[in-house]
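So the structure is just underneath, and the comments pick up after that.
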Amino acid sequence: MPQHYENHLSPRQDFAGTVSRLALGFTGMLLVSYLGGSLLIEIAAALGAQSLDLLVLLNDVAIYCLGLPVLLAVGRFLPNGAPLPLRPKRVLRPGSFVRFACIGYTGMYLANLATILVLTVVRLLLGRSPLDGAVSEMMGDLSPLGAFLLVAVLPAILEELVFRAYLYKKLIRFGEGPYILLSALFFAGYHANFEQALYAFVLGCWMAYMVCRTGTMVYGVLLHLLVNFYSANVLSGVLDSVAATALLGWVTLAVVVLGIVFWVRMRRGFYLRRAPGAGEGLPAQALFNVGMILWLLVSLSLAVYTLLV
C-alpha cells in the first residue's frame, strides 16, 4: 500500500496526506493516553494507592502501552523515507556536544521564561495564584528515584524514539525544515499544557536539527536526559537551600550566556536541506488539513482545560 500511495499523488498531496494521517495518529494517541491514564489513576486511587511515583508510572503506561500503538497503527500505512536514525553519520566530540547542549538549553530557558511571564498575567486575570501549575508542583512531590527514572530517563528515550526518530522516518523525505517544525509541533502539543508547550517546541526544533546534522537520535536523548534530570532532580532538590539555589542560579546564567555566544558563532553554519520537488506552500499544506486541524483543536482544548482546573 505505501508504494501505491506514493505513485499516485503529487508531492504536495503526498505531504498533506502524510501530515494529516500523522496528526490523526497523534490525536488518537493523545486521547487514548489521556482517557486511559485517567482511568488507571482513578482505579489506583480507588484501591488506596497514593504514591505519586505509581501514578506517574500509570500515566506512562497509558501513553506508551495504550496511546502509542494508535499512532503506530495509523503510521503503518505511510511510506518510510529513511530508517530510524540510530547510528551516527557524524560523531560529536564532547566540546561540540557541550555547545549544542548549551544552545538547546538556552533556547528552552528563554522560552520557559516567556511562558512564565505570560501565564503569570493570565492567572492573575483569572483570579488564580501566579504560582499555580500542576507540572511544577508535581516535580517536588516525586521521590528522587521516581523522578530520575519516570521523568528523566524514560521520557528522554521514548519521546526521542517517537518525536525525533519515528517522525524522521516518515517526514524527512519532504526536507529537513518540515521534519524539524512538525516534529517540534507534535512534541509541544503532546504535553497538552501551556507550561511546557513553548519550550518543548523550541527544544524539539533543536533536537530534531541535531538529528539532521549528526544522523542519530543519540545526542538528542543525552540532551533530553540532561534537561529532564536538571528539572526533576537537581532543581527540585535544592529549593530548600538558599545557598544552593543561588549557586544554581549563577550556573544557569553562565550556561545561558555561553549558549548565546555559541549560537552567535554557530549560526553562520546553520543550514537546512530541502527535498527535491517539494515546492512552495508546505506550511499551508501542513496546517490546513483535517488531521492537523483536529490535532490542534484537541491539544489546545486539553491545554486550556489544564490551565483552568
Identify the two heavy atoms, one from [X] and one from [Y], that lie closest to each other, and give their separation to 0.1 Å.
X: Ala82; Y: Ile172; result: CB-CG2, 3.7 Å
X: Phe163; Y: Ser183; result: O-CB, 3.2 Å
X: Leu149; Y: Pro155; result: O-CD, 4.3 Å
X: Ala49; Y: Leu54; result: CB-CD2, 3.5 Å
X: Gly175; Y: Ala275; result: N-CB, 3.4 Å
X: Tyr168; Y: Pro83; result: CD2-O, 3.8 Å

Rounded to the nearest 0.5 Å, what's the gap from [atom1] on [X] to [atom2] on [Y]? Could you check?
X: Leu182; Y: Leu22; atom1: CG; atom2: CG; value: 8.5 Å
X: Leu58; Y: Glu42; atom1: CG; atom2: CD; value: 11.5 Å
X: Arg267; Y: Ile103; atom1: CZ; atom2: CD1; value: 11.5 Å
X: Arg164; Y: Met217; atom1: CZ; atom2: CE; value: 9.0 Å
X: Ser231; Y: Met108; atom1: OG; atom2: CE; value: 5.5 Å
X: Phe186; Y: Ser299; atom1: CZ; atom2: OG; value: 9.5 Å

I want to check something: taking the side chain as every heavy atom from C-beta on, are [X] and [Y] in contact at a cut-off of under 4.5 Å?
X: Ile116; Y: Asn112; answer: yes
X: Leu302; Y: Leu30; answer: yes
X: Leu110; Y: Thr106; answer: yes
X: His191; Y: Phe187; answer: yes
X: Thr214; Y: Lys89; answer: no
X: Phe194; Y: Leu119; answer: yes
X: Arg273; Y: Tyr271; answer: yes
X: Leu171; Y: Thr18; answer: yes

Expected output: side-chain [X] to main-chain [Y] donor-acceptor under 3.5 Å:
X: Tyr179; Y: Leu167; result: no
X: Thr115; Y: Glu195; result: no
X: Asn233; Y: Pro144; result: yes
X: Asn289; Y: Gln285; result: yes
X: Asn228; Y: Val151; result: yes
X: Lys170; Y: Leu78; result: yes
X: Ser20; Y: Gly291; result: yes
X: Asp53; Y: Leu142; result: no

Start with the C-alpha gap between Tyr109 and Tyr199, add the side-chain angles, then the distance that decides, and say whether ring-ring contact (aromatic ring centres under 6.0 Å, His included) holds.
-> CA-CA 7 Å; Tyr109 179 85; Tyr199 78 68; over 10 Å; no
Is there a path from [X] to [Y] through hydrophobic residues (I, L, V, M, F, W, Y) whose side chains come within less than 4.5 Å of each other?
X: Tyr305; Y: Trp295; result: yes
X: Val122; Y: Leu113; result: no
X: Met292; Y: Val74; result: no
X: Leu52; Y: Ile43; result: no
X: Leu40; Y: Leu47; result: no

Salt bridge (charged side-chain N to carboxylate O under 4.0 Å, His left out) with Arg213: which residues, sequence neighbours excluded?
-> Glu176
Taking the six-membered ring where the residue is Trp, are the ring centres of Phe262 and Phe100 under 6.0 Å apart?
-> no
Determine whether the aromatic ring centres of Phe26 and Tyr190 lie less than 6.0 Å apart.
-> no
Assess whether side-chain contact (heavy atoms from CB on, under 4.5 Å) is satisfied between Trp206 and Trp263, documenting all intermediate values.
-> CA-CA 11 Å; Trp206 190 243; Trp263 168 249; 3.9 Å; yes
Measure the acute angle between the ring planes of Tyr105 and Tyr230, then classify it against the limits of 30° and 60° as parallel, tilted or perpendicular.
-> perpendicular
Derivation and outcome, side-chain contact (heavy atoms from CB on, under 4.5 Å), residues Ser33 and Leu66 = CA-CA 6 Å; Ser33 300; Leu66 301 179; 5.9 Å; no
Give the C-alpha distance, both sets of side-chain angles, the deciding distance and a yes or no for side-chain contact (heavy atoms from CB on, under 4.5 Å) between Tyr219 and Val91.
-> CA-CA 9 Å; Tyr219 300 114; Val91 178; 3.5 Å; yes
Carefully, step by step, assess Ile63 and Leu68 under the rule side-chain contact (heavy atoms from CB on, under 4.5 Å).
-> CA-CA 6 Å; Ile63 293 172; Leu68 181 57; 5.8 Å; no
With side-chain hydrogen bond (donor to acceptor under 3.5 Å, both in side chains) as the test, would you mind laying out the steps for Arg99 and Ser96 before giving the verdict?
-> CA-CA 5 Å; Arg99 287 191 287 272; Ser96 297; 3.1 Å; yes
